[in-house]
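Every chain is numbered from 1 and lettered A, B, ... according to where its sequence line falls, protein lines coming before strand lines. Computed from a predicted structure; not experimentally measured.
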Number of protein chains: 2
Amino acid sequence: MQEKQSSSQMQKNINHLIANIDEVELSDLAELFKVFGDSTRIRILADLFQGEKNVTEICDDLQMNQSAVSHQLKILKVSRLIKSRREGKAMIYSLADDHVKTIMAMGIEHIEE
Amino acid sequence: MQEKQSSSQMQKNINHLIANIDEVELSDLAELFKVFGDSTRIRILADLFQGEKNVTEICDDLQMNQSAVSHQLKILKVSRLIKSRREGKAMIYSLADDHVKTIMAMGIEHIEE
DNA sequence: CATTCATATGAATATATTATCATATGTTTG
DNA sequence: CAAACATATGATAATATATTCATATGAATG
């Protein structure tokens, strides 16, 4: 039976959850944030907030060379932050899910204080 | 006058907010995530979820040398993710605010899928 | 006030990461 | 099916980052 929790109760659970997280998960967590921690990659993510785009469009938007962009797209893809599909010659990239949005929104809140 | 928003409406605003974020803020955002993106630093943060601790305690918990820990504490401090106060000879560190918790919780949600 | 304890810091080394260049792969089209 | 277009990839060089070592700073205490 799932009881609804008060906000402060939920906060306590988060504390407990994180305080007791194992080393492997912490390492995965660091890896995840490392992916967000590069300005090329975060610019790609922000760009994809406008909607799905192919590689050429992303290069144009960021004013960066295609190879550099492709390398970073691969890292974002492996980390499951973006997904892709082929459309003819082009590869169309888009954000993988809403976690990307939430994580970035939290980050923005922090820096805007 | 502040109107309450539906969840989907809020999501749209976040999209718009991030899609139109300027280069400087994106760069700051990358810097912020870079701080989370190191396993020593994230282990320190997780350690501090148990409550405030001095440097020696953190070193013991992480089984790491004092200098390495101090260097990383400084980075966390400058990024305003932790705060410190002196207590006699010791320096007591603690998490700066709830954003750290929220950001890490979002990250954990992502990797646990 | 000299010593000890706790922490911080600078320099150096080791390691990791990114962008670039050259080229390969995959897809369409004449 | 050869050429053109779109993207991916491997190697390399440039740069950034973390840890270690040695030492400095700062506070308590006999």
Side-chain angles (χ1 to χ4, degrees), chain A residues 23 26-48 51-96, chain B residues 23 26-48 51-96:
Chain A
E23 291 291 320
L26 275 180
S27 172
D28 288 350
L29 200 53
E31 287 305 311
L32 175 66
F33 286 124
K34 196 174 290 179
V35 177
F36 284 94
D38 171 82
S39 57
T40 298
R41 286 190 293 264
I42 213 149
R43 286 171 73 213
I44 292 174
L45 291 175
D47 194 39
L48 292 179
E52 54 174 28
K53 304 206 176 191
N54 64 38
V55 179
T56 305
E57 288 171 320
I58 298 171
C59 293
D60 288 350
D61 290 345
L62 306 206
Q63 286 291 92
M64 279 190 68
N65 120 21
Q66 179 266 318
S67 177
V69 169
S70 275
H71 278 295
Q72 299 312 323
L73 283 170
K74 176 149 210 182
I75 292 174
L76 290 166
K77 180 85 186 290
V78 168
S79 313
R80 301 175 9 257
L81 300 182
I82 61 175
K83 58 193 177 192
S84 64
R85 67 167 208 279
R86 184 173 277 284
E87 200 174 280
K89 296 179 243 179
M91 213 59 154
I92 317 279
Y93 284 92
S94 57
L95 298 178
Chain B
E23 291 292 319
L26 276 180
S27 173
D28 289 349
L29 201 52
E31 285 307 310
L32 174 67
F33 285 124
K34 197 175 289 179
V35 177
F36 284 94
D38 170 81
S39 57
T40 297
R41 287 191 293 265
I42 213 148
R43 286 171 72 214
I44 293 175
L45 292 175
D47 195 37
L48 293 179
E52 52 175 29
K53 305 208 176 191
N54 65 37
V55 179
T56 307
E57 287 172 321
I58 298 171
C59 293
D60 288 350
D61 290 345
L62 306 207
Q63 286 291 93
M64 278 189 69
N65 122 20
Q66 180 267 319
S67 177
V69 169
S70 276
H71 278 294
Q72 298 312 320
L73 283 171
K74 175 150 210 181
I75 293 173
L76 290 166
K77 180 85 185 292
V78 169
S79 313
R80 303 177 5 259
L81 299 183
I82 61 175
K83 58 192 178 195
S84 64
R85 67 168 207 278
R86 183 173 279 283
E87 201 174 279
K89 298 179 243 179
M91 213 59 157
I92 317 280
Y93 285 93
S94 58
L95 298 179

| Distance in angstrom units between B:I92 CD1 and C:dT7 C1', rounded | 12 Å
| query | For A:E57, which residues count as a side chain to side chain donor-acceptor pair (under 3.5 Å) partner, sequence neighbours excluded? | reply | none
| By side chain to side chain donor-acceptor pair (under 3.5 Å) - contacts of A:S39 (at least two apart) | none
What pairs of nitrogen or oxygen atoms, one from the protein and one from nucleotides 12-15 of chain C, lie under 3.5 Å apart?
none

| message | Run the salt bridge (charged side-chain N to carboxylate O under 4.0 Å, His left out) test against A:R41 and tell me which residues pass, sequence neighbours left out. | response | none
| message | Can you give me the closest heavy-atom contact between A:L73 and A:I58, atom names plus distance? | response | CD2-CD1, 4.1 Å
| field | Per-nucleotide protein contact string for nucleotides 16-22 of chain C (B base, S sugar-phosphate only, - none; heavy atom under 4.0 Å) | value | -SSSBBB
| B:L62 CG - D:dA18 P separation (whole Å) | 15 Å
| Under 4.0 Å between a side-chain N or O of A:K74 and OP1 or OP2 of D:dA8? | no
| query | Do you know the tightest heavy-atom contact between B:A96 and B:R80? | reply | CB-O, 3.2 Å
| query | How would you list, by chain and number, every residue that makes a salt bridge (charged side-chain N to carboxylate O under 4.0 Å, His left out) with A:K53, sequence neighbours excluded? | reply | A:D47, A:D61
| query | Any side-chain heavy-atom pair from B:K34 and B:E31 closer than 4.5 angstrom? | reply | yes
Quick one: side chains of residues 87-95 of chain B, donor-acceptor pairs under 3.5 Å with protein atoms, not counting sequence neighbours, listed by atom name and distance.
| from | atom 1 | to | atom 2 | distance (Å) |
| --- | --- | --- | --- | --- |
| B:E87 | OE1 | B:R85 | NH2 | 2.5 |

| N/O (side chain, A:Y93) to phosphate O (OP1/OP2, D:dA8) under 4.0 Å | yes
| task | Applying side chain to side chain donor-acceptor pair (under 3.5 Å), name anything that partners B:D38, two or more places apart in sequence or on another chain. | result | none
| Between C:dT27 (P) and A:R85 (CZ): distance, integer Å | 15 Å
| query | Got a sec, which residues hit side-chain contact (heavy atoms from CB on, under 4.5 Å) with B:D60, two or more places apart in sequence or on another chain? | reply | B:T56
| field | Positions of residues 52-60 of chain B (non-hydrogen atom under 4.0 Å from DNA chain C), listed by number | value | B:N54, B:V55, B:T56
| task | Applying side chain to side chain donor-acceptor pair (under 3.5 Å), name anything that partners A:S70, two or more places apart in sequence or on another chain. | result | A:Q66
| said: Counting primed atoms plus P, OP1 and OP2 as sugar-phosphate and everything else as base, spell out the protein contacts along nucleotides 25-30 of chain D at 4.0 Å heavy-atom distance: B, S or - for each nucleotide, 5' to 3'. | reply: --SS--
| Parallel, tilted or perpendicular: ring planes of A:F33 versus B:F33, cut at 30 and 60 degrees | parallel
| task | Could you tell me whether the side chain of B:S79 and the main chain of B:I75 form a donor-acceptor pair under 3.5 Å? | result | yes
